[in-house]
Amino acid sequence: MRRKLVVGNWKMNGNLAQNQRLLEALVHGLKGVGHVDIAVCVPYPYLFQAQHILTGTNIAWGAQNVASHENGAYTGEVSAAMLKEFGASYVIVGHSERSDAYCESSANIADKFAIAKQHGITPIFCVGETLQERESGVMEYAIANQLDAILSVSGGALLDRAVIAYEPVWAIGTNKNATSEQARAAHSFIRERIAAMHPGAAESARIIYGGSVNPRNAAQLLSMSDIDGGLIGRCSLDANDFERICRAACKI
Ligand code: PEP
């Protein structure tokens, strides 16, 4: 049975004082909460702070992006080896806020996925359709295209124990979450797609849902079969909200 995973995506928020309050509140509030893996993905400059406060707790930490190269003349980029030095266990790749704004190609995202895996960091690979794609009936085609780029570059071995985040673009930051049935259907499509190409990886991969998850809708969403957890944006910035979402996941 796959263990639930709840990941906070802080995006470009926080400062040293706020982070300290948030992280300390999470350490205190989530102490002893089991049966769920918990992580926060913080902005790069705060990785050291997260490592300092979270080491030895039940909360892991990670980053929101990684370079697709090992090292070299890539101004402004941060490598997987650097993330590893600060204890990162996870890294988000292909979040729609990045792929849109910074024109990340599927091949580039696949390279980031592979390099994170090679360094022992679990990539959280985001896929999801736009509202237009959903409304025009090409949602599965859009998601399949995103997945296939990874599946063809990474191969089955790299997908083993991978984390895929299904994040419908129309649900991110909008307060319009996918219904639990919409999310379940997308998750089972993703699992079937992985199974068709790499049967072994389909069972071990965790498919988590992201898009306007909050303490009120978390229990229903996270209780669906095939939904293995959540990627939480805004509500991960509030210790009480994030704690309630993690607790909802661990009751299921
Ligand atoms: C996200 O950015 O990954 C996200 C799911 O954001 P929110 O929870 O705020 O919709």
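If you're wondering where the values come from, they're calculated on a predicted model, not measured in any experiment. Residue indices begin at 1 and follow the sequence shown. Start at 1 and go down the list; that is how both ligands and their atoms are numbered.
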What residue pairs, at least two apart or across chains, pass side chain to side chain donor-acceptor pair (under 3.5 Å) with a residue in residues 47-60? N19-Q49
Please confirm whether the backbone N or O of A202 pairs with a side-chain atom of R191, one donor and one acceptor, at under 3.5 Å? yes
Between I232 and N9, is there a side-chain heavy-atom distance shorter than 4.5 Å? no
Find all protein N or O atoms under 3.5 angstrom from an N or O atom of ligand 1 and list the pairs with distances, or write 'none'.
{"unit_1": "ligand 1", "atom_1": "2 (O)", "unit_2": "K11", "atom_2": "NZ", "d": "2.5"}
{"unit_1": "ligand 1", "atom_1": "2 (O)", "unit_2": "H95", "atom_2": "NE2", "d": "2.9"}
{"unit_1": "ligand 1", "atom_1": "3 (O)", "unit_2": "H95", "atom_2": "NE2", "d": "3.0"}
{"unit_1": "ligand 1", "atom_1": "3 (O)", "unit_2": "E167", "atom_2": "OE1", "d": "3.2"}
{"unit_1": "ligand 1", "atom_1": "3 (O)", "unit_2": "E167", "atom_2": "OE2", "d": "2.7"}
{"unit_1": "ligand 1", "atom_1": "6 (O)", "unit_2": "K11", "atom_2": "NZ", "d": "3.4"}
{"unit_1": "ligand 1", "atom_1": "8 (O)", "unit_2": "G233", "atom_2": "N", "d": "2.8"}
{"unit_1": "ligand 1", "atom_1": "9 (O)", "unit_2": "R234", "atom_2": "N", "d": "2.9"}
{"unit_1": "ligand 1", "atom_1": "9 (O)", "unit_2": "R234", "atom_2": "NE", "d": "2.6"}
{"unit_1": "ligand 1", "atom_1": "9 (O)", "unit_2": "R234", "atom_2": "NH2", "d": "3.4"}
{"unit_1": "ligand 1", "atom_1": "10 (O)", "unit_2": "G173", "atom_2": "N", "d": "2.7"}
{"unit_1": "ligand 1", "atom_1": "10 (O)", "unit_2": "S212", "atom_2": "N", "d": "2.8"}
{"unit_1": "ligand 1", "atom_1": "10 (O)", "unit_2": "R234", "atom_2": "NH2", "d": "3.2"}

Measure the acute angle between the ring planes of Y209 and Y166, then classify it against the limits of 30° and 60° as parallel, tilted or perpendicular. tilted
Would R193 and D148 pass as an ion pair if we require N to O under 4.0 Å? yes
Side chain of Y74, backbone of S68: donor and acceptor closer than 3.5 Å? no
